[in-house]
Amino acid sequence: MLAAVTTFAIDGVQSRRVTVEADIRTGLPAFTVVGLADTAVREARERVRAAITNCGFQFPQKRITVNLAPADLRKAGPHFDLALAVAVLVASGQLDPARVEGCAVAGELGMGGELRAIRGALALAEGTRRCGLDRLLLPASRAGEASLVDGLEVLGAHGLEHAVAVLRGDAEPVASATAPPVRRPEGPDLSDVRGHPGLVAYVATAAAGGHNLFLHGPPGTGKTMLARRLATVLPPLTHAEALEVTRIHSIAGLHEGGGLVPERPFRAPHHLISASGLVGGGATPMPGEITLAHNGVLFLDELSEFNRRALESLRQPLEDGRVVVVRAQRVLVFPTRCMLVAASNPCPCGLEDPHCRCSLAERERHRRRLSGPLLDRIDLAGRVPRPTAAALRDEAAPSSADVRARVVRARDRQAARLRGTGAVCNAHMTPVMLRELARVTPAAQRLLYELHDRASLTARGHHRVLRVARTVADLEDSRSVEPEHIKAALGLRHEPREDAVAA
C-alpha cells in the first residue's frame with residue numbers, strides 16, 4: 001500500500017514542501033529512506049521503529065521504502081521523524097489516509113514515542129499556510145509558536161500515540177493559544193554613559209536612520225558601553241519585523257518561547273569568528289551572525305582583531321541587505337538588513353599621544369588591518385576620547401526613553417516618505433530615491449559638491465552623506481535638507497585627526 005504525508009524541509013530561512021511517500025510490500029523486512037536525506041534523517045528509521053512499537057502500534061515486518069520528494073532537495077534535521085511514522089502507519093492500514101489530508105506533520109520522536117521540540121516551527125507554519133493546507137501537527141511545545149500564523153489550525157501533541165489519536169479525532173490537541181511576548185529584564189540605559197554628551201548625536205542619528213556606526217578611541221573610554229546602549233534607543237519591532245526575526249531565531253535554535261521575539265536583536269560575536277560564521281554557510285548552510293542580527297544590531301568590538309577575510313565578507317551583505325550562499329548546487333538567500341556598529345582602538349597599545357608606545361610602523365600595520373572598503377560602507381565615524389574627571393562627574397547622557405522618542409518620531413517621518421518603496425529607513429535609500437525623495441535644497445546640493453573634493457568623498461560616500469543629512473533633518477523635523485544638515489552630516493562622518501576614518 002502507498003501512503004503520502006506532507007511535511008516541510010528548512011531551506012535557509014524558508015521552508016519548502018516535502019512529500020513523504022511510504023510503500024510497503026511483501027519481501028524481506030527492510031526499512032529504506034531515499035530522497036537525498038542527511039544522517040539525521042537516515043537515523044530516523046531506528047527512532048521511528050522503536051516509537052511505533054513502544055506506543056502499541058504494529059511495525060510491519062515487510063519491505064518498507066520511504067521516498068522524500070522532491071528528490072533533489074536536501075533534507076536535514078530530525079523533524080521528519082513524525083511524518084515518517086505517520087506515513088508508515090497509513091501505509092500499513094493502521095491510520096485512515098483521509099485523516100491526514102490537508103494536514104502537514106513535523107516533529108522529532110524519542111524512542112518511547114514522545115515528541116521533542118524542533119527548530120523552525122514558525123517557518124513550517126508559514127509554509128503550511130502558503131501551500132494552502134489548513135492544519136499542522138507538531139510537538140505541543142512548539143504549538144504556541146506555530147499559532148502566530150493566522151488562519152492555520154495548529155494541532156499540538158505530546159507523543160506519537162497522542163498525535164495519532166488527534167488525527168483520528170479521538171483526542172483533543174494541546175491548546176495552541178499564542179503566548180505573549182516574554183519581556184526581558186530592563187537592560188542598560190543610555191543615561192549610564194557619562195562624560196560623552198557630544199556622542200549622543202551619533203547614537204541618535206544612527207538609530208533614527210539605521211546607519212552604520214564606527215567608534216574609535218583609547219580603551220576604557222566607553223565605546224562598548226555606548227554601542228550596547230544603542231539597541232535601547234531603536235524603535236520597537238513592527239509585527240512583520242518581529243515575525244521575521246522570530247522565524248530566523250527559531251531556525252537557528254535561539255528561540256525558546258512561544259511568542260514573538262519582543263526586542264530587536266543585538267549580536268556581538270567574538271573576534272575569532274570565521275567568515276562563514278559571520279555571513280552564514282557551512283556544510284549544512286545556517287544563518288550567520290549578520291543574519292541573526294537582521295532588523296537589529298551587529299556589534300563588532302575590537303574591529304582590528306577580526307580576521308581580514310571575515311571582515312571582507314561583510315561588504316556585499318551590508319550593501320545589498322542579503323547574502324547569497326551557494327553550496328552543492330543549492331542557492332540560499334539569507335536576509336542581512338541590520339545596523340553595523342564597530343569599535344576599535346587607535347593603535348596596538350590603545351593609548352593616544354603623547355602616551356602612545358607604538359612605533360609608526362606598528363600604527364600603520366594596525367590601520368591596514370581595518371578594511372578601507374568596509375569602512376567606506378559605514379555612515380558615521382566618531383572618536384571617543386578619554387573623559388576628564390569633571391565630565392565623568394557632571395556630564396550625563398539623556399535617558400534611552402528620551403532619545404528613543406526622538407528616534408521614533410524621525411522613523412515615522414521616514415516611513416511616510418518611503419511608503420511603497422521597499423525601504424524602511426534612510427540608510428536603505430538608493431541614489432534614485434535620494435534624488436526623488438530626499439528634498440535637498442539647491443543651496444545644500446551646491447555645498448555638498450563644493451565639499452566633495454575637500455573632504456575626499458567617494459561616490460558612495462557622497463550618497464551616504466546625503467542619507468545622514470536626511471536623517472539629521474528628520475530629527476529636527478525639517479521637510480527639506482538644508483546646508484546646515486549637510487555640515488552636520490559631514491561632522492558626524494569625518495574625523496580630522498590622523499587616525500580618523502575618511503569618507
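Numbers here are sequence positions counted from 1. Computed from a prediction, not measured in an experiment: that's the story for all the values here.
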How close do M286 and A252 get, heavy atom to heavy atom, and via which atoms?
-> CE-CA, 4.0 Å

How long is the gap from CZ on R404 to CG on D402, to the nearest 0.5 Å?
-> 12.5 Å

Residue pairs, two or more places apart or on separate chains, that pass side chain to side chain donor-acceptor pair (under 3.5 Å) and touch residues 385-397 = none

Look at the aromatic rings of F306 and H271 and report parallel, tilted or perpendicular, splitting at 30° and 60°.
-> perpendicular

Is the closest side-chain heavy-atom distance between V407 and L234 below 4.5 Å?
-> no

Is the backbone N or O of R142 less than 3.5 Å from a side-chain atom of E145, with the two atoms forming a donor-acceptor pair by type?
-> no

Presence of salt bridge, R377 and E312, under 4.0 angstrom | no

So which heavy atom on V325 is nearest to which on G280, and how close?
-> CG2-O, 4.1 Å

Backbone N or O of L340 within a donor-acceptor pair of the N212 side chain at under 3.5 Å?
-> yes

Atom CD of Q316: over 12 foreign heavy atoms under 6.0 Å | no

Would you confirm whether the ring centroid of H462 sits within less than 6.0 angstrom of the ring centroid of Y449?
-> yes

Kindly determine whether Y202 and L226 satisfy side chain to side chain contact (heavy atoms under 4.5 Å, CB included), including the steps that lead there.
-> CA-CA 10 Å; Y202 287 89; L226 274 167; over 6 Å; no

Walk me through it: do R119 and I10 pass the test side chain to side chain contact (heavy atoms under 4.5 Å, CB included)?
-> CA-CA 9 Å; R119 296 183 179 186; I10 300 297; over 6 Å; no

Where H366 and P348 come nearest, the two heavy atoms and their spacing = CB-CD, 3.7 Å

Are any side-chain N or O atoms of R264 and backbone N or O atoms of A231, one a donor and one an acceptor, separated by less than 3.5 Å?
-> no

Tell me, do P265 and L292 make a side-chain contact under 4.5 Å, heavy atoms counted?
-> no

Student check: side-chain heavy atoms of R309 and S313 closer than 4.5 Å | no

Is R367 paired with E364 through a side-chain N to carboxylate O contact shorter than 4.0 Å?
-> yes

Can you tell me how far CG of L152 sits from CG of L124, rounded to the nearest 0.5 angstrom?
-> 10.5 Å

Check: T291 side chain, T336 main-chain N or O, donor-acceptor pair, under 3.5 Å = no

How about L492 and V472: do any of their side-chain heavy atoms sit closer than 4.5 Å?
-> yes

Verdict with reasoning, K487 to E450, per salt bridge (charged side-chain N to carboxylate O under 4.0 Å, His left out) | CA-CA 12 Å; K487 293 178 182 178; E450 289 173 4; over 6 Å; no

Any donor-acceptor N/O pair, R130 side chain to S15 backbone, under 3.5 Å = yes

Would a distance-only check, ignoring hydrogens and angles, find a side-chain to backbone donor-acceptor pair under 3.5 Å from R135 to L155?
-> no

Ion pair D11/R16, N-O distance below 4.0 Å | yes

Does K223 reach the main-chain N or O of V384 with its side chain, forming a donor-acceptor pair under 3.5 Å?
-> no

Between CD1 of I118 and CD of E108, what distance do you get to the nearest 0.5 Å?
-> 9.0 Å

Among T7, L136, T6, D134, whose side-chain contact (heavy atoms from CB on, under 4.5 Å) with T128 holds?
-> L136

Under 3.5 Å donor-acceptor, T205 side chain and A201 backbone = yes

Quick one: do R129 and D150 make a salt bridge, cutoff under 4.0 Å?
-> no

Look up atom OG1 in T221 and atom CG in N345, then write down how far apart they are to the nearest 0.5 Å.
-> 8.0 Å

The single option from L370, L374, L300 that satisfies side-chain contact (heavy atoms from CB on, under 4.5 Å) with F214 is L370

Taking the side chain from H79 and the backbone from F8, do they hold a donor-acceptor pair closer than 3.5 Å?
-> yes

When you look at CZ of R406, are more than 12 heavy atoms from neighbouring residues, nucleotides or ligands closer to it than 6.0 Å?
-> no

Here the gap from R470 atom CZ to L475 atom CG, rounded to the nearest 0.5 Å, amounts to 10.0 Å

Got V465 and L451 here, is their nearest side-chain heavy-atom distance under 4.5 Å?
-> no

Shortest non-hydrogen separation from D192 to M225 and the atoms involved | O-CE, 3.3 Å

Side-chain donor-acceptor contact under 3.5 Å, N426 with R417 | yes

Are L318 and I290 close enough that some pair of their side-chain heavy atoms sits under 4.5 Å apart?
-> yes

Do V408 and P236 come close enough that some side-chain heavy atom pair is under 4.5 Å?
-> yes

Taking everything shown except R267 itself, do over 12 heavy atoms lie less than 6.0 Å from its CZ?
-> yes

Main-chain N/O of V261 paired to T246 side chain as donor or acceptor, under 3.5 Å = yes

Where C347 and C356 come nearest, the two heavy atoms and their spacing = SG-SG, 3.6 Å

Under the side chain to side chain contact (heavy atoms under 4.5 Å, CB included) criterion, do F334 and V279 qualify, and how do the steps go?
-> CA-CA 9 Å; F334 297 106; V279 301; over 6 Å; no

Derivation of the side chain to side chain contact (heavy atoms under 4.5 Å, CB included) call for R369 and S344 = CA-CA 11 Å; R369 298 187 68 176; S344 178; over 6 Å; no

Ring pair (Phe, Tyr, Trp, His ring centres under 6.0 Å) filter on H428, not counting sequence neighbours, yields none

Show your working on salt bridge (charged side-chain N to carboxylate O under 4.0 Å, His left out) between D376 and R460 and close with a plain yes or no.
-> CA-CA 8 Å; D376 194 44; R460 182 188 292 115; 2.8 Å; yes

Would you call R467-D379 a salt bridge at under 4.0 Å N-O?
-> no

Check whether any side-chain heavy atom of L418 lies under 4.5 Å from a side-chain heavy atom of V424, and answer yes or no.
-> no

Output for pair (T232 OG1, E263 CD), nearest 0.5 Å, gives 10.0 Å

Of all heavy-atom pairs between A207 and R411, which one has the smallest distance, and what is that distance?
-> O-NH2, 2.9 Å

